[in-house]
Number of protein chains: 2
Amino acid sequence: MAGRPRSFDRDAALAAAVEQFWREGYEATSIATLTSAMGVSPPSLYAAFGDKNRLFEEASAAYFRLTCEGLDRAAELPTAREAIVRMLDDTAHAHTRAATPPGCLMLTEPRLTAQREELHQRLLDRLDRGVKDGDVPPGARTDRLASFLVAVLRGMSGCARDGGTLEDLQEIAETAMAAFPAQPEKAVRRPTSP
Amino acid sequence: MAGRPRSFDRDAALAAAVEQFWREGYEATSIATLTSAMGVSPPSLYAAFGDKNRLFEEASAAYFRLTCEGLDRAAELPTAREAIVRMLDDTAHAHTRAATPPGCLMLTEPRLTAQREELHQRLLDRLDRGVKDGDVPPGARTDRLASFLVAVLRGMSGCARDGGTLEDLQEIAETAMAAFPAQPEKAVRRPTSP
DNA sequence: CCCATTCTGTAGCGATCACTATTGATGTCG
DNA sequence: CGACATCAATAGTGATCGCTACAGAATGGG
């Protein structure tokens, strides 16, 4: 009932697939480049991962899981502002690491709309928690802010793809944070009319 | 010395090519879809436009020219803030028009890095003019601001590609404008120490 | 050992890729 | 009209696409 064991590390092969999809995107990545990068012949690839679509789904899910771990760690910071700053800075680093392709698979790949929506939701959740905790002003449009942040993240990814450096991305993030609503003061000062 | 005249409108065919590249990108657009959309047989296409690369260059150049016309019109507004607001709003409309594909060819296509650099330069020029005109504070980091704005534009394009509406994009633009430096006051008030 | 089972590599499937040789149609010229 | 120049359409180039049939190699159970 037992047959010949597979001769390659499935996780390592998947990681190689992640990198390929990350670097070139789904459409531009061919089975030939995948088999070459993964060190696996086509029949083995299809036996282990199904078809190109399912391999991509598994690869993007693995990528997404890692990304979310970073987001969750940043979200634990005491205030929403600190959490968002950390997320943006982590992103700047992740998009410009020499060991990995520039930019972000999740933010670039057209078919990963669902992942981007989940990213939006996670940002929104952290912002709403900030409102509840009192470190974000109660009138803040958290939904708009989350959409804005997703747009900025996307812009950072694109900038990295175009050769932007870590510093370039950090400057974008820093500039974007100027749009973050100011911390509410303990006593709200009523503006005086002229 | 004169031969048979071409039986199709070159400009109309180019416009159809622009739309195809705009909708699907360079790689995903095949000669077959182009000839179908342009109403031209392959040999005619190659005779009139060279190869796929040169057709794309001509198409993206035409797209870019139209985009720049809009930017130049917006740049004529009296202050840099007004100009940028207008640019963002025009972009929101252009990315969500029903008659054209969602998003932006220039901001999405990987190989159009040069066009994005020129966009950055145009934004920077307008911001620097704002500093010279006095409607942007002299200490403003216009280069960072321009990079930030390109990132936001890219984010808006991506949002539109994911199905974002005109209102979604306008909210992103409005939120981004909170990062625009405040108009300098006539008399600078020195902050008092506590 | 033999057999069943599962993996591996070669080799190739039909379809599509960007692109073009060939042939015939259609125009302007003398 | 005939000569010539240019375009258009069919058909097909070799290469590559995603994917798989087939045959040999490596395991565990009897």
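Residue numbers begin at 1 in each chain, while the letters A, B, ... track the order of the sequences. Heavy-atom basis, side chains included; hydrogens, waters and symmetry copies ignored.
- Rounding to the nearest 0.5 angstrom, the gap separating the CG atom in L112(A) from the OH atom in Y26(A) is 11.5 Å.
- Evaluation of the salt bridge (charged side-chain N to carboxylate O under 4.0 Å, His left out) rule for R141(B) yields no partner, not counting sequence neighbours.
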Residues 145-153 of chain B, side-chain donor-acceptor partners within the protein, below 3.5 Å, at least two apart:
| residue | atom | partner | partner atom | Å |
| --- | --- | --- | --- | --- |
| S147(B) | OG | D143(B) | O | 3.3 |

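- E24(A) is linked by a side chain to side chain contact (heavy atoms under 4.5 Å, CB included) to Q20(A), A28(A), T29(A), counting only residues two or more places apart in sequence or in another chain.
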Would you give me the side-chain donor-acceptor pairs under 3.5 Å for residues 63-74 of chain B, sequence neighbours excluded?
| residue | atom | partner | partner atom | Å |
| --- | --- | --- | --- | --- |
| Y63(B) | OH | L105(B) | N | 3.2 |
| T67(B) | OG1 | Y63(B) | O | 3.0 |
| D72(B) | OD1 | R122(B) | NH1 | 2.7 |

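- Listed by chain and number, the residues in a side chain to side chain contact (heavy atoms under 4.5 Å, CB included) with E82(A) are L77(A), P78(A), T79(A) (sequence neighbours excluded).
- Between dT20(D) and Y46(A), no contact under 4.0 Å exists linking OP1 or OP2 to a side-chain N or O.
- Applying the side chain to side chain donor-acceptor pair (under 3.5 Å) rule to E174(B) yields the partners R144(A); only residues at least two apart in sequence or on another chain are considered.
- S41(A) is linked by a side chain to side chain contact (heavy atoms under 4.5 Å, CB included) to P43(A), S44(A), counting only residues two or more places apart in sequence or in another chain.
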Could you go through nucleotides 14-17 of chain C and list every protein N or O atom that sits under 3.5 Å from one of its N or O atoms, giving the distance for each pair?
| residue | atom | partner | partner atom | Å |
| --- | --- | --- | --- | --- |
| dC17(C) | OP1 | S30(B) | OG | 3.4 |

Between the protein and nucleotides 7-10 of chain C, which nitrogen or oxygen pairs come in under 3.5 angstrom?
| residue | atom | partner | partner atom | Å |
| --- | --- | --- | --- | --- |
| dC7(C) | O4' | R4(A) | O | 3.1 |
| dC7(C) | O2 | R4(A) | NH1 | 3.2 |
| dT8(C) | OP1 | S7(A) | N | 2.5 |
| dT8(C) | OP1 | S7(A) | OG | 2.9 |
| dT8(C) | OP2 | S44(A) | OG | 2.9 |
| dT8(C) | O5' | S44(A) | OG | 3.4 |
| dG9(C) | OP2 | S41(A) | OG | 3.1 |

